[in-house]
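In what follows, a structure is listed as structure tokens, so that the remarks can point back to it.
Because only heavy atoms are used, hydrogens play no part in the values below, and waters and symmetry mates are left out as well, while side chains stay in. Remember, it's a predicted structure, so these values are computed and weren't measured experimentally.
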Amino acid sequence: MYEIARRHLGKVVAGAAMAVTGTAVAVAISLPGSAGANGAAGTAGTAGVAGTAGSAGSGGTSAGGGSAGATGQGQAGTTADGAAEAGAQAAGSPPPATVAPAAAEGDKGIGSDPLTDDELTRAEELALTPPAAAAQENVEGGRGPQHLGTVLADPQSGDDSRRAEVRFYDYAKDELVTRTVNLGTGKVERSAAQRGVQPSAHPEELREALELILASPLGKGVKEDYKDATGKQLTSTGQLWFNGDVYRPYREAKVPAQLKECGKHRCVRLVTKVLNGAWIDSRNLIVDLSARTVTRVG
């Protein structure tokens with residue numbers, strides 16, 4: 001009787017083991033490729049229960065970061081991986097996607113192609129025609145106008161030449177200067193200057209505005225907020241993330257007397273935050289870049 005019972009128990013255990021193995025294979029076939037137990041895409045790890053063939057009574061072995069449930073099944077997991085890959089190939093699954101390298105940029109674009117780096121540089125150089133450029137000023141007060149942007153100009157009927165429209169701001173006269181240059185002939189075909197027109201601010205202008213805030217007594221609050229957030233002193237613009245745009249007084253209910261010239265002058269408002277950290281409210285500080293002053297509003 002004992003012998004019969006022992007054999008019967010052995011068959012039950014063997015059957016259970018086969019069922020577990022069969023389930024692991026079925027699950028693996030249903031999953032495309034390898035999948036770690038933690039579910040993270042692209043991570044290594046077997047689809048089945050990983051682990052060494054240790055004692056069968058262990059409480060569970062970690063596989064790819066997840067709980068295994070029972071040890072001694074490492075071989076089954078490896079087999080399941082192989083079955084999963086074979087199943088995916090048999091099903092005609094596409095290979096993993098790859099990112100093709102960007103095509104090499106030529107010196108010149110064609111038609112309505114965006115301006116190349118070489119064309120952007122050439123357009124700016126052509127637009128800065130001496131001696132007029134020497135009398136103009138950038139946002140820091142240096143020689144030459146402040147570059148704001150360069151775009152591809154609209155094509156002309158019957159002429160396939162590529163042209164660029166270059167915009168500068170001359171802080172000496174508070175003028176927006178727009179020049180259209182023919183990239184083929186190298187000539188400036190049109191030039192215009194406007195006052196009271198304020199396009200979006202350039203990053204260099206925003207950085208200069210932040211420099212003026214930090215140098216102003218009104219920047220004390222920004223420095224205090226930075227120290228509260230980080231425990232460190234704020235000494236340079238490189239310690240902050242910042243963005244902003246032109247301050248437009250016609251959108252405000254009350255405009256301080258010091259900002260009445262904004263619109264004629266180039267004025268900006270910033271938003272700032274600690275790098276990878278908390279926001280610092282600087283929206284109530286308006287910088288007049290033309291007059292190089294900082295004014296609090298609100």
Side-chain angles (χ1 to χ4, degrees), residues 105-212 242-252 255 259-270 286-293:
E105 184 180 73
D107 294 338
K108 300 179 180 179
I110 300 174
S112 60
D113 288 349
L115 294 169
T116 67
D117 290 344
D118 286 346
E119 287 177 320
L120 288 170
T121 300
R122 175 171 167 76
E124 186 175 348
E125 291 174 348
L126 291 173
L128 288 172
T129 53
Q136 297 169 333
E137 290 184 4
N138 61 25
V139 68
E140 297 177 350
R143 179 177 296 181
Q146 176 65 46
H147 179 241
L148 297 182
T150 303
V151 297
L152 183 68
D154 292 334
Q156 296 183 5
S157 179
D159 185 354
D160 59 358
S161 298
R162 282 167 63 83
R163 294 172 173 83
E165 185 178 274
V166 188
R167 294 190 300 177
F168 300 98
Y169 196 83
D170 177 14
Y171 278 88
K173 295 181 179 180
D174 273 312
E175 287 182 342
L176 174 66
V177 180
T178 305
R179 293 194 174 115
T180 302
V181 299
N182 187 316
L183 296 170
T185 63
K187 295 181 179 180
V188 177
E189 296 182 340
R190 287 190 299 274
S191 182
Q194 299 170 284
R195 291 186 177 181
V197 179
Q198 300 295 344
S200 295
H202 189 276
E204 291 177 359
E205 293 178 302
L206 298 179
R207 182 176 296 279
E208 183 64 17
L210 184 54
E211 291 276 9
L212 292 172
F242 57 93
N243 203 345
D245 207 351
V246 171
Y247 170 76
R248 306 189 188 277
Y250 62 83
R251 296 178 179 175
E252 306 294 328
V255 178
L259 301 178
K260 293 293 186 181
E261 292 299 308
C262 290
K264 295 179 181 179
H265 286 186
R266 192 119 169 102
C267 303
V268 297
R269 165 183 270 156
L270 299 180
I286 307 302
V287 181
D288 184 335
L289 291 170
S290 300
R292 300 185 68 80
T293 58

Pairwise side-chain contact, [X] with [Y], heavy-atom cut-off 4.5 Å (strictly under):
X      : Y      : value
Val246 : Cys262 : no
Gln136 : Lys173 : no
Leu289 : Leu212 : yes
Tyr169 : Val139 : no
Glu261 : Ser290 : no
Tyr171 : Glu140 : no
Leu176 : Pro199 : yes

Answer yes or no: is there an ion pair linking Arg266 with Glu208, defined by an N-O contact shorter than 4.0 Å? no

From [X] atom [atom1] to [Y] atom [atom2], the distance as rounded to the nearest 0.5 Å:
X      : Y      : atom1 : atom2 : value
Glu252 : Tyr247 : CD    : OH    : 4.0 Å
Leu120 : His147 : CG    : NE2   : 7.5 Å
Thr150 : Arg179 : OG1   : CZ    : 12.0 Å
Asp113 : Leu152 : CG    : CG    : 8.5 Å
Asp245 : Glu205 : CG    : CD    : 10.0 Å

Please name the pair of heavy atoms, one in [X] and one in [Y], separated by the smallest distance, quoted to 0.1 Å.
X      : Y      : value
Ala153 : Thr180 : CB-CG2, 4.4 Å
Phe242 : Pro203 : CE1-O, 4.5 Å
Ile286 : Cys267 : CG2-CB, 4.3 Å
Pro249 : Val255 : O-CG2, 3.6 Å
Ala123 : Val166 : O-CG2, 3.8 Å
Val268 : Ala201 : CG1-CB, 4.0 Å

Look at atom CZ of Arg143 and say whether more than 12 heavy atoms of other residues, nucleotides or ligands are closer to it than 6.0 Å. no

Residue that, paired with Glu119, satisfies salt bridge (Lys or Arg N to Asp or Glu O under 4.0 Å) out of Lys108, Arg162, Arg163: Arg162

With distance as the sole test, does Glu204 use its side chain to make a donor-acceptor pair with the main-chain N or O of Leu148 at under 3.5 Å? no

Counting distance only, does the side-chain N/O of Arg248 pair as donor-acceptor with the main-chain N or O of Gln198 below 3.5 Å? yes

Just do the side chain to side chain donor-acceptor pair (under 3.5 Å) check on Arg167 and Thr178 with the steps written out, would you? CA-CA 5 Å; Arg167 294 190 300 177; Thr178 305; 5.7 Å; no

Would you say Asp118 and Thr116 are linked by a side-chain donor-acceptor pair, where the criterion is simply a distance under 3.5 Å? no

